[in-house]
Student: 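Quick one: this structure, given as structure tokens, is what I'll be asking you about.
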Amino acid sequence: MASTSVSSSFKLLFVYSLLFFSQYFIVSSKGQGLPPIVKGLSWTFFDSSCPKLQSIVRKRLEKVFKDDIGQAAGLLRLHFHDCFVQGCDGSVMLDGSAGGPSEKTAIPNQTLRKESFKIIEDLRERVHKECGRIVSCSDIAALAARDAVVLTGGPNYVVPLGRRDGLNFATETATIDNLVAPTANTTTLLTRLGTKGFDATDVVALSGAHTIGISHCGSFTERLYRNQDSTMDQTFANNLKSSCPKADSNNTVNMDVRTPNIFDNKYYVDLMNRQGLFTSDRDLFTDQRTRGIVTSFGTDQFGTDQKVFFDKFVIAMIKMGQLNVSTGGQGEIRAKCSVRNKNKLLVDVVEGLEKTLAAAF
């Protein structure tokens, strides 16, 4: 995409956010009306110790997305893939070791954008330079995911903070078992996510993250070849075949055919028009257990129904962002997001000194 096109798109999203900010800022700074937060997290965790944290992340991502709006979807997906495996502990960012391969190399994570990891590390450096090593990579990832939503036109919301980074990454088997494949049906979605505390509305709302971003052909071409999925809109199918002329094509397509770079409810409009990309998308509309939820989210772009989607998405995201978090004395605050701290005792001493100095000055 040409730079002028990217710039124009970003300006459009900025104006869009301003126009609808008051309508879609749905929560207060204290999290009223939202799910309860787990022990150890707080809505105001860094208000005193790192008051510029959220502005550092937001301002940096404004620049990143102005240069490449596609990075927003990458950061959102990174947060999903981190939380669903063994909790929101930043383990997906760890490099492999002699003990085994990292989560990054597991098949579901091989298409995570490499730039997403670099962006989180850049944010960590900026935050730690300002506040010292007191903010975890997992907290930064949660804030980056929220800002990816906001800066593409979605709802603004508060994020409970205080996560600690995990000490180990999950096995490949655990990674595969906890990330639902795009070929999964609604029964699999509801069952897998149900074990993590999500109901059908949460599942449909979280699937709305597919309103931004791209997919590789291999994630959906089983619906095109050998026998085309009869539930797919024919024009949509023809366009996909043009982009993915073979089942093993390595090309990419937009996940939302209507507004691929804007976080809105058009994903649900796609589903209602038989233009969902994945089997997991299609089934949300064809399955009677979730069809009504899809319809309620997708009926009207600018009316109350989009706000219904936004409200439910925020609730589900806050629930997801608290899955199996480490807090207090658990885990660590990594000095580099891709590497576990080598000497935890030394790091704890350094962190203590940094906090003492910060309080003194």
Side-chain angles (χ1 to χ4, degrees), residues 41 45-46 49-50 52-54 56-61 63-65 68 71-106 108-148 159-171 174-175 179 320-327 330-344 346-348 350-351 354:
L41 298 186
F45 196 91
F46 292 109
S49 58
C50 190
K52 294 183 180 179
L53 166 62
Q54 300 202 38
I56 291 171
V57 174
R58 177 70 62 88
K59 289 178 181 178
R60 181 56 183 168
L61 290 181
K63 183 180 186 306
V64 169
F65 299 159
D68 182 2
Q71 296 303 331
L75 291 171
L76 183 56
R77 187 170 181 237
L78 180 68
H79 184 48
F80 271 67
H81 282 228
D82 183 34
C83 292
F84 278 134
V85 176
Q86 61 179 21
C88 309
D89 63 351
S91 60
V92 72
M93 304 178 213
L94 287 171
D95 290 335
S97 66
S102 70
E103 292 175 33
K104 293 179 184 178
T105 61
N109 289 333
Q110 289 177 6
T111 54
L112 290 174
R113 295 185 183 221
K114 292 181 173 57
E115 190 63 25
S116 298
F117 297 101
K118 295 178 182 178
I119 292 170
I120 296 297
E121 180 61 24
D122 173 66
L123 291 172
R124 183 206 60 74
E125 290 179 358
R126 293 169 185 272
V127 169
H128 286 187
K129 181 178 180 180
E130 172 69 26
C131 304
R133 193 183 299 131
I134 62 172
V135 184
S136 67
C137 297
S138 47
D139 265 351
I140 292 171
L143 289 173
R146 188 272 309 276
D147 287 353
V159 176
L161 299 171
R163 299 166 188 78
R164 304 272 290 183
D165 294 321
L167 302 178
N168 300 290
F169 46 75
T171 64
T175 302
L179 293 174
M320 186 189 77
Q322 300 184 80
L323 289 174
N324 299 325
V325 293
S326 296
T327 61
Q330 303 170 323
E332 63 185 9
I333 305 296
R334 287 188 208 135
K336 186 175 182 181
C337 292
S338 61
V339 182
R340 178 183 171 182
N341 296 333
K342 294 182 179 179
N343 189 329
K344 189 175 186 301
L346 177 60
V347 170
D348 287 343
V350 172
E351 289 178 359
E354 288 175 339

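No experiment lies behind these values; they were computed from the predicted model shown.
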Student: Taking the basic N atoms (NZ, or NE/NH1/NH2) and the acidic carboxylate oxygens, is any pair closer than 4.0 Å for Arg126 and Asp122?
Tutor: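 Yes.
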Student: Would Lys118 and Glu121 satisfy salt bridge (Lys or Arg N to Asp or Glu O under 4.0 Å), going step by step from the backbone distance to the final call?
Tutor: CA-CA 5 Å; Lys118 295 178 182 178; Glu121 180 61 24; over 6 Å; no
Student: Are any of the side-chain heavy atoms of Leu78 and Ile120 separated by less than 4.5 Å?
Tutor: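 Leu78 reaches Ile120 side chain to side chain.
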Student: Got Leu123 and Leu61 here, is their nearest side-chain heavy-atom distance under 4.5 Å?
Tutor: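 They are in side-chain contact.
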Student: With heavy-atom distances below 4.5 Å as the criterion, would you say the side chains of Phe65 and Leu75 are in contact?
Tutor: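 Counting from C-beta outward, Phe65 and Leu75 do come under 4.5 Å.
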Student: To check you understand the geometry: which heavy-atom pair defines the closest contact between Ala72 and Ala148, and what is its length?
Tutor: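 Looks like O-CB, 3.3 Å.
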Student: Search all heavy atoms of Gly162 against all heavy atoms of Leu41 and return the closest pair with its distance.
Tutor: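 Scanning both residues completely, I find the closest heavy atoms to be C-CD2, 3.5 Å.
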Student: Tell me if a side-chain donor or acceptor on Asp82 pairs with a main-chain N or O of Cys88 at a distance below 3.5 Å.
Tutor: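 Flag not set: sc Asp82 to bb Cys88 has no pair under 3.5 Å.
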Student: Quick one: are His128 and Ile333 in side-chain contact, heavy atoms under 4.5 Å?
Tutor: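 They are in side-chain contact.
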Student: Do Val325 and Ser138 make a side-chain contact, defined as non-hydrogen atoms from C-beta onward lying under 4.5 Å apart?
Tutor: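 No, side chains not in contact.
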Student: Is any side-chain heavy atom of Met93 closer than 4.5 Å to a side-chain heavy atom of Arg124?
Tutor: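 When only atoms from C-beta onward are counted, Arg124 and Met93 do not touch, as no gap falls below 4.5 Å.
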Student: Can you confirm whether Thr175 sits close enough to Phe169 that some side-chain heavy atom of one is under 4.5 Å from a side-chain heavy atom of the other?
Tutor: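 No, side chains not in contact.
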Student: Run the side-chain contact (heavy atoms from CB on, under 4.5 Å) check on His79 and Arg146 step by step: do they pass?
Tutor: CA-CA 9 Å; His79 184 48; Arg146 188 272 309 276; over 6 Å; no
Student: Could you report the tightest heavy-atom contact between Val127 and Cys50, atom names first, then the distance?
Tutor: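 Smallest interatomic distance, heavy atoms only, reads CG1-SG, 4.3 Å.
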Student: SG of Cys337 to CD1 of Ile119: how many Å apart, nearest 0.5 Å?
Tutor: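 Taking SG in Cys337 and CD1 in Ile119, the distance rounds to 12.5 Å.
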Student: Applying the side chain to side chain donor-acceptor pair (under 3.5 Å) test to Arg163, which of Asp139, Asp89, Thr327 qualifies?
Tutor: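 It is Asp139, the one option of Asp139, Asp89, Thr327 that forms the side chain to side chain donor-acceptor pair (under 3.5 Å) with Arg163.
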Student: Within the side chain of Gln86, is there an N or O that forms a donor-acceptor pair under 3.5 Å with the backbone of Asn168?
Tutor: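 A pair under 3.5 Å: yes.
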Student: With no hydrogens and no angle check, is any side-chain donor or acceptor of Asp165 less than 3.5 Å from a backbone partner on Cys137?
Tutor: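 Judged by distance alone, yes, a pair lies under 3.5 Å.
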Student: At their closest point, which heavy atom of Ser49 faces which heavy atom of Cys131, and how far apart are they?
Tutor: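 Reported closest heavy-atom pair: O-CB, 4.2 Å.
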Student: Taking Glu332 for the side chain and Asn341 for the main chain, is one N or O donor matched with an acceptor at less than 3.5 Å?
Tutor: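 Flag set: sc Glu332 to bb Asn341 pair under 3.5 Å.
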Student: When Asn109 is tested against each of Arg77, Glu103, Lys104, His81 for side chain to side chain donor-acceptor pair (under 3.5 Å), which residue passes?
Tutor: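 The single option meeting the side chain to side chain donor-acceptor pair (under 3.5 Å) with Asn109 is His81.
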Student: Looking at every non-hydrogen atom in both residues, tell me the closest pair between Ile134 and Phe46 and how far apart they are.
Tutor: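 Looking at all heavy atoms of both residues, the shortest contact is O-CE2, 3.3 Å.
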Student: Where is the tightest heavy-atom contact between Phe117 and Val92, given as atom of each residue plus distance?
Tutor: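 That closest heavy-atom pairing would be CE2-O, 3.5 Å.
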Student: Can you check whether Arg334 reaches Leu94 side chain to side chain, under 4.5 Å on heavy atoms?
Tutor: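 Arg334 vs Leu94: side chains touch.
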